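Worksheet for the structure shown next.
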There are 2 protein chains.
Amino acid sequence: MTDTARGTSRRYGTRPTMKDVAARAGVGLKTVSRVVNGEPGVTPDTERRVQEAITALGFRRNDSARILRKGRTASIGLVLEDLADPFYGPLNRAVEEVARSHGALLINGSSAEDPSREQELVLALCARRVDGLVIIPAADDHRYLEPEITAGIATVFVDRPAGRIDADTVLSDNFGGAQDAVAHLIAHGHRRIGFIGDQPRIHTARERLRGYRAAMAAAGLPVDDSWVALGSTAPDRVRAAATTMLDAPEPVTALFAGNNRVTVTAVRVLGERPRPVALVGFDDFELADLVRPAITVVAQDPAHMGRTAAGLLFRRLDGIEDPPRRTEIPTRLIARGSGEIPPAED
Amino acid sequence: MTDTARGTSRRYGTRPTMKDVAARAGVGLKTVSRVVNGEPGVTPDTERRVQEAITALGFRRNDSARILRKGRTASIGLVLEDLADPFYGPLNRAVEEVARSHGALLINGSSAEDPSREQELVLALCARRVDGLVIIPAADDHRYLEPEITAGIATVFVDRPAGRIDADTVLSDNFGGAQDAVAHLIAHGHRRIGFIGDQPRIHTARERLRGYRAAMAAAGLPVDDSWVALGSTAPDRVRAAATTMLDAPEPVTALFAGNNRVTVTAVRVLGERPRPVALVGFDDFELADLVRPAITVVAQDPAHMGRTAAGLLFRRLDGIEDPPRRTEIPTRLIARGSGEIPPAED
DNA sequence: CCGTTGATTGACAACGTTGTCTAGAGGCTA
DNA sequence: TAGCCTCTAGACAACGTTGTCAATCAACGG
């Protein structure tokens, strides 16, 4: 026991390697490798001896070395915008589920809506040689990814399209969903409808605005500039925008909220006002049905988006090389009441 | 160009290595390494040549090799129970934020409340040689982690304690929070209070039950067996439990919901009943203030828990070797109205 | 009894990086 | 000018694994 401590006892902070296991079991290195990986060509007796050594030493294969040797990491990266946003929970979960079913681990991080942080994170993942990436982009120029994609890292964009490169993309039907939402309000008698959305640099915000305008145009309704407010989704900003629209000389009689965060603030603002105002929100949220009035929404399906994206990714990893495709996941209007409030008489 | 394609052009699926960069720049391997890592001892001219070669080839350091060589992965693992549960969003985010500030990546996965899946996931992370682990345990025996901890993988448990091993732990004050919740109901005149909680094998469920009993005992109130229902948090089960308690000959006049999921279902059930019933929930949720009546809750602070856990973890990684410590994060009763409904007259 | 076959096993190189060590160039002092 | 020091640069081994290949051995057919 005085010679080499490894192979007999464990030192804190030092892990046994296959070499140690081999020494202890009195076999060759490659035999240990075979046992660890369940490869054939090992007699039951040898296998038992190796297994004993493994247990005795507390050996665990070092995947870093394995990855280096094999070239594949069996891990994929997920870059999203805010881990705390409820929209991403189911999406995250769906991606993880698919990854798991393919035996891959998920490495993730959030960009906090900051393009440079997105790039930093993505490149760190590439340096780790993840096999593929699912990205909810914060940036609008992804040419920095070109060398990585050329090098074989599969990449799928979700929720927003990639900027200046061609890649697989999974989006919600933002345009159609917004149209439905606004058409719903129009069908219930509204003529002056406000739209409060996210910053215009964000693709979804632009598409939803386009849907809003299309629905208004289809009904032959004019859109006053003061009815459209794009910008941060911070409560203050949303509150201010809503108040302005509702206190105008010719106030809007209904609001279309461009996303989750906006809807929640809108509900708060409307709850404080005496006169009921119709509201439809883009993106569903838990308890939307419990608020009074229950909130009518255009529901997205984040789990479906996640599954689709991860599916697309693993398709690529299996070597399928179609041209990049853009998938749109349909949205669904869920009428719960808040969209059916008729316009107040002037 | 007919000789070696590497070094001059890029082949799909093959990445340039430092060797290729060195060849192209006409320098030694180690010099490239120095430039890539910003080590001193390189003349500006040489550095420029190397940088040019790096850009031209689209080189990116292979972190797998680096990790193998250095022994540290600069990544930590986070194992939680359900990525889609809103409680874990802020926790996840907080852990990621701390990891990021330490230059580490976050690898995560969920156990789906399945002990064997937890173990599988944790060991996969150990094989990756993550530097540390933050675990929200699903299992109640963690001895399988002993060799890993001995080998130097720092480990912190969150939300629930580790089973049969001694390790750093960050918990909510489940007992105290539950006591506060029930005391609040008692203060508003309730004598018959039901408790609907999670499965008894889950530590938090047991602690909250203990708090419930303690508060009742402190007020000198008896607890009927039929007032306590522990089990799955699936809506059906919760609905059934609530209905039984409320339709009993001597019905409970208030409910204490053992977590988030239970509270939401309870709100639905109570909303369908003519006679108002008081309710306090453990764990806050978005929009709890918008439901009518607004829901009184005992709020946990998942972000605080995540920050604390990650902080503890990196403390260990910095080499501090105190005995394991157990930290309790206080809870806060947020009275919003639903807990102040007085008991109905019989 | 010998050559052949098949199964088991291990020696060795390689994956791409970094730490160590040494070589060489150039400048300084005595 | 010899001797020394500093600075830059590269050769080489090592990290722990897996793929390739060759060696050994028992069994078997002729």
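Here is the naming used below: chain letters follow the sequence lines, and residue numbers restart at 1 for every chain. Keep in mind that what you see is a predicted model, and the values were worked out from it rather than measured.
Proximity of residues 28-39 of chain A to DNA chain C (heavy atom under 4.0 angstrom from any strand atom) is restricted to A:Gly28, A:Lys30, A:Thr31, A:Arg34.
With the nearest nucleotide of DNA chain D identified for both A:Phe59 and B:Val42, B:Val42 has the one nearer the 5' end.
A:His142 and A:Glu118 form a side-chain donor-acceptor contact under 3.5 Å, judged by distance and modelled atom types alone. For the 3.5 Å distance criterion, the side chains of B:Ser110 and B:Asp82 fail to qualify, holding no donor opposite an acceptor. Side-chain polar atoms of B:Ser116 and B:Asp114 form a donor-acceptor pair below 3.5 angstrom.
A:Thr43 has no side-chain polar atom (N or O) that falls below the 4.0 Å cut-off from OP1 or OP2 of C:dA7. Considering only side-chain N and O atoms, B:Arg69 lies nowhere under 4.0 angstrom from the phosphate OP1 or OP2 of D:dA14. The phosphate of D:dA9 has OP1 or OP2 within less than 4.0 Å of a side-chain N or O from B:Thr46.
Rounded to whole angstrom, the span from the CG atom of B:Asn62 across to the P atom of D:dC15 amounts to 18 Å. The separation between A:Lys19 atom NZ and D:dC15 atom P is 6 Å, rounded to whole Å. If you measure from atom CZ of B:Arg129 to atom C1' of C:dT17, you get 18 Å, rounded to the nearest angstrom. Counting to the nearest Å, the C1' atom of C:dG16 and the CZ atom of B:Arg15 are 13 Å from each other. Put simply, CZ on A:Arg66 is 20 Å from C1' on C:dT17, counting in whole angstrom units.
Distances were taken from every side-chain heavy atom of B:Leu68 (C-beta onward) to each of C:dT18, D:dT18, D:dC15; the shortest belongs to D:dC15.
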Please tabulate, for side-chain N and O atoms in residues 28-38 of chain A, each donor-acceptor pair with protein atoms closer than 3.5 Å (sequence neighbours left out).
{"residue": "A:Asn37", "atom": "OD1", "partner": "A:Arg61", "partner atom": "NH1", "Å": "2.5"}
{"residue": "A:Asn37", "atom": "OD1", "partner": "A:Arg66", "partner atom": "NH2", "Å": "3.2"}
{"residue": "A:Asn37", "atom": "ND2", "partner": "A:Ser33", "partner atom": "O", "Å": "2.8"}

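A salt bridge does not link B:Arg315 to B:Asp318: none of the charged side-chain nitrogens sits closer than 4.0 Å to a carboxylate oxygen.
Note on A:Ser64: nothing from the nucleic acid sits closer than 4.0 angstrom, heavy atoms only.
For the pair A:Val79 and A:Ser111, the tightest heavy-atom approach, listed with the atom from each and the gap, is CG1-CB, 4.5 Å.
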